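Predicted model only: the values in this text are computed from it and were never measured. Counting begins at 1 with the first residue of the sequence.
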Amino acid sequence: MAETKREIERKYEAAAGTDVPDLTRVRDVATVADEGVVELDAVYHDTPDLRLAADSITLRRRTGGSDAGWHLKFPVAVGVRDEIRAPLSDALPPDLAVLLRSRVRGGEVVPVVRLRSARDVRRLLDADGGLLAELSVDTVRARRLPKGPRASWTEIEVEAADDADPGILDAVEKQLRKAGVRPSDAPSKLARALAETAPEDARPDTAPPAAPGTAGAAVLAYVREQAEAIVALDPAVRRDLPDAVHQLRVACRRLRSALKTYRSVLDRNATDPLGDELKWLAGELGVARDQEVLAERLRGRLTDMPRPLRLGPVKARLRIWDTARTKDARRKAVAALDSDRYLALLDRLDALLADPPLREAAGRDAAKVLARAVRKDHARLAARVDRALSLAPGHERDLALHEARKAAKRTRYAADAARPTLGKPAKKFSKRVKKVQSLLGEHQDAVVARATLRDLAVQAHAAGETAFTWGLLYGREEAAADAAERELPEVWARAVAL
C-alpha cells in the first residue's frame, strides 16, 4: 500500500568539496550526527512529452537508502511537496498509476532520466536527541535516457523532520548563507537534470492562438486555467483530500459557464457538446459534495439544539444515514474519474485549446467584448430574480429561486473570468453578485434539508422512535428559507447596478 509523507525541504548550490559550516550554531541544534555516505540510484519516469515535469510532478523508482521504492511527488507550495511512496517493484504500482491518470490518460510513462547520487548525510538533533532536520551534500550524476546527454553537479539539501518546526529551515539557511552557500535556481534534481540534458533540437514554444489584448486571448486564458485545474485536482479527489471534490466541481462549472457566456468568442457548435460533458462530470461529483454540505448542515443544527429537545437516537441515526450515503457518493465520483468518458472529455479540452474555434469577436478588444457578455448574464439573472419575487411562497417559488441561484453563479463566474481584463469593476461586481448567490444558496440548502429531514422522520417513526426532533428541525429550516426570501429584495437591490 502507498503511504504519504509531507516533504518540506530546500536546495542550495554547492561546489565539489564544499565544507558545511558548523551547524551547532543554528538555533535549537545541539549536535550534528554524521551518518556517512549512501549511494542512491533513481530512474525518473514521465510521458514522452514530459507532462508530469511540466506540472512539477516527479515519479521515480529508487534503490539505495532507507526509503527504496517508488516515489510520486505532488507540489503543495514552494519547497513543500507530498511524497507518496510504494514498495519497490519492477512495474509502476497501480496505487500510483491511478493518481497520474488525468495526465497520462491512454499513454504510458517511460524512463526519462537516471540520477546516481552519493549522499553525505548529517542529522541535526536537539538537546534531547530529537531530529530537527536532515542535511545532505549530494554529488549527482545525471543522464538523459535512453542514451542521451550527461550532467553532474553538487548540491546541498536540507529537509525538516516530520514533526519539527519548519522554521528550522530558516535558521539553517541563515548559517549556510554566512558560509557563502546560496539557494539553488532549480526546484528539484529532476528539473535541473532535464534542463542540463535537454536535446539541442528541443521543440520551441508555439505561438499563442489569439493575439494578446483580444477577447480570444482573454477567454482562452480562463478556459485553460479551469481545464488545468480539472487535471490537477483529479489526484486530490482520489486521495480524498479536504475540499478536493468541491474544487473540482467548481472548476467544471466555471469552465462550462465560460463556454456559455462567451459564445460570441468561441463557436458553440464546438463548445456546447463539451458543456454537456462538463455538466455530466459536475453532476457525478455533485452527489459527494451535496452530501458533504447537507450532512454538515444537519450536524450543526443538531448540535445547536438544546439537549432536552433532542429526543431519541437522533445523532446515531444521522451518522448512519451520512456514512451510507457518503460511501456511495464517493464511489460514484471515483467511478466517473475512472471512466473512458472522462478521459475523452480531457482529450477534447486539449483539442479545443490546441485549435480553438474562434469567432469574429475573438479578434476584438477584450474589454468591450467581455463587459458586454457580463451585462448579458446580469440581465438574465435580473429576469429570474424578478420572476421569483413575483410568485407566491411555495414550491413554484422555490424552483424559481433555485434557477435564479444558478444564474447568479453563472454571472459571478463571468465576472471572475473578466477580472484580468476589467480589473476592479469586475471584482466589485463579482462580490455583489456573490452575496445574492450566497443568500439564494442558503434558501436552496434549507429546501433540500427539509426534504431530507422528512425522510429521516419517516425512518425514525417506522423504527418506533419519536420523530419530534426531526419535525422541529424541519420547522427551523422552513424558517431559514422564509428569512432568506424576506432578505432577498434588499440584497438584490444592492447588486442591481452595474
Side-chain angles (χ1 to χ4, degrees), residues 1-9 45-47 51-60 70-86 92-105 107 109 162 187-188 190 222-256 277-293 295-296 325-347 349-350 413 416:
M1 292 293 294
E3 60 174 318
T4 301
K5 177 181 181 298
R6 177 60 56 88
E7 178 183 84
I8 305 175
E9 66 179 17
H45 293 65
D46 205 332
T47 60
R51 295 177 207 167
L52 304 185
D55 288 341
S56 300
I57 295 171
T58 61
L59 172 66
R60 72 186 178 201
W70 287 88
H71 304 157
L72 174 59
K73 300 185 181 186
F74 288 99
V76 176
V78 177
V80 182
R81 295 187 290 182
D82 276 347
E83 181 178 277
I84 304 169
R85 299 175 177 178
L92 174 62
D95 286 353
L96 301 189
V98 73
L99 298 178
L100 300 173
R101 193 167 187 263
S102 64
R103 292 175 170 89
V104 176
R105 309 198 191 155
V109 293
D162 291 346
S188 67
L190 175 62
Y222 186 78
V223 169
R224 184 179 301 279
E225 178 183 345
Q226 303 311 317
E228 290 176 349
I230 292 173
V231 171
L233 288 163
D234 174 301
V237 171
R238 296 177 186 277
R239 294 169 60 197
D240 202 17
L241 296 184
D243 208 37
V245 171
H246 173 57
Q247 293 300 326
L248 180 50
R249 187 187 187 193
V250 168
C252 292
R253 285 180 162 179
R254 283 184 176 274
L255 180 49
R256 179 169 176 255
E277 293 303 284
L278 289 165
K279 181 180 181 180
W280 160 76
L281 180 56
E284 299 298 289
L285 297 168
V287 177
R289 175 57 182 171
D290 291 345
Q291 175 62 24
E292 179 184 353
V293 171
E296 183 178 352
R325 288 175 62 93
T326 296
K327 185 176 181 180
D328 289 343
R330 172 160 174 76
R331 186 183 299 115
K332 186 178 182 69
V334 174
L337 299 184
D338 285 340
S339 68
D340 291 338
R341 182 176 181 178
Y342 168 65
L343 291 189
L345 168 60
L346 297 183
D347 286 340
L349 288 174
D350 283 350
Y413 289 164
D416 289 343

Any donor-acceptor pair under 3.5 Å from Arg51 side chain to Val104 backbone: yes
Does Ala53 offer a backbone N or O that forms a donor-acceptor pair with the side chain of Asp46 under 3.5 Å? yes
Please determine, by modelled atom types, if Arg254 and Tyr222 share a side-chain donor-acceptor pair under 3.5 angstrom. yes
To the nearest 0.5 Å, what is the distance between [atom1] ([X]) and [atom2] ([Y])?
X	Y	atom1	atom2	result
Ser188	Lys73	OG	NZ	8.0 Å
Arg6	Asp162	CZ	CG	11.0 Å
Leu285	Arg330	CG	CZ	11.0 Å
Leu278	Leu349	CG	CG	6.0 Å
Leu52	Thr47	CG	OG1	5.5 Å
Leu72	Leu96	CG	CG	5.5 Å

Could you check Val250 against Arg253 for side-chain contact (heavy atoms from CB on, under 4.5 Å), going step by step and ending with a plain yes or no? CA-CA 5 Å; Val250 168; Arg253 285 180 162 179; 5.7 Å; no
For Asp290, the side chain to side chain contact (heavy atoms under 4.5 Å, CB included) test, sequence neighbours excluded, returns Arg249
Given the rule in the side-chain contact (heavy atoms from CB on, under 4.5 Å) test, do Val223 and Leu255 qualify, once you have shown the distances and angles that lead to the verdict? CA-CA 6 Å; Val223 169; Leu255 180 49; 3.6 Å; yes
Does this structure show an ion pair linking Glu83 with Arg85, if we count only N-O contacts that are shorter than 4.0 Å?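 Yes, charged N to carboxylate O under 4.0 Å.
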Applying side-chain hydrogen bond (donor to acceptor under 3.5 Å, both in side chains), name anything that partners [X], two or more places apart in sequence or on another chain.
X	value
Arg325	Gln291
Ser56	none
Ser102	none

Among residues at least two apart in sequence or on other chains, which ones pass ring-ring contact (aromatic ring centres under 6.0 Å, His included) with His45? Trp70
Is any side-chain heavy atom of Asp328 closer than 4.5 Å to one of Arg331? yes
For residues Ile230 and Leu345, determine if any side-chain heavy atom of one lies less than 4.5 Å from a side-chain heavy atom of the other. no
Work out which heavy atom in [X] is nearest to a heavy atom in [Y]; give both atom names and the distance.
X	Y	value
Leu190	Ile57	CD2-O, 4.4 Å
Asp55	Pro75	O-CG, 3.7 Å
Asp95	Val98	O-CG1, 3.5 Å
Arg103	Ala232	NH2-CA, 3.3 Å

Distance-only check: which donor-acceptor pairs under 3.5 Å involve side-chain atoms of residues 335-343, not counting sequence neighbours?
from: Asp338; atom 1: OD1; to: Arg238; atom 2: NH1; distance (Å): 2.6
from: Asp338; atom 1: OD1; to: Arg238; atom 2: NH2; distance (Å): 3.4
from: Ser339; atom 1: OG; to: Ala336; atom 2: O; distance (Å): 2.6
from: Ser339; atom 1: OG; to: Tyr342; atom 2: N; distance (Å): 3.2
from: Arg341; atom 1: NE; to: Glu277; atom 2: OE1; distance (Å): 2.8
from: Arg341; atom 1: NH2; to: Glu277; atom 2: OE2; distance (Å): 3.0
from: Tyr342; atom 1: OH; to: Asp234; atom 2: OD2; distance (Å): 2.8

Check whether more than 12 heavy atoms from other residues, nucleotides or ligands sit under 6.0 Å from atom NZ of Lys327, and answer yes or no. no
Using side-chain contact (heavy atoms from CB on, under 4.5 Å), reason through Arg256 and Gln226 one step at a time and then give a plain yes or no. CA-CA 9 Å; Arg256 179 169 176 255; Gln226 303 311 317; over 6 Å; no
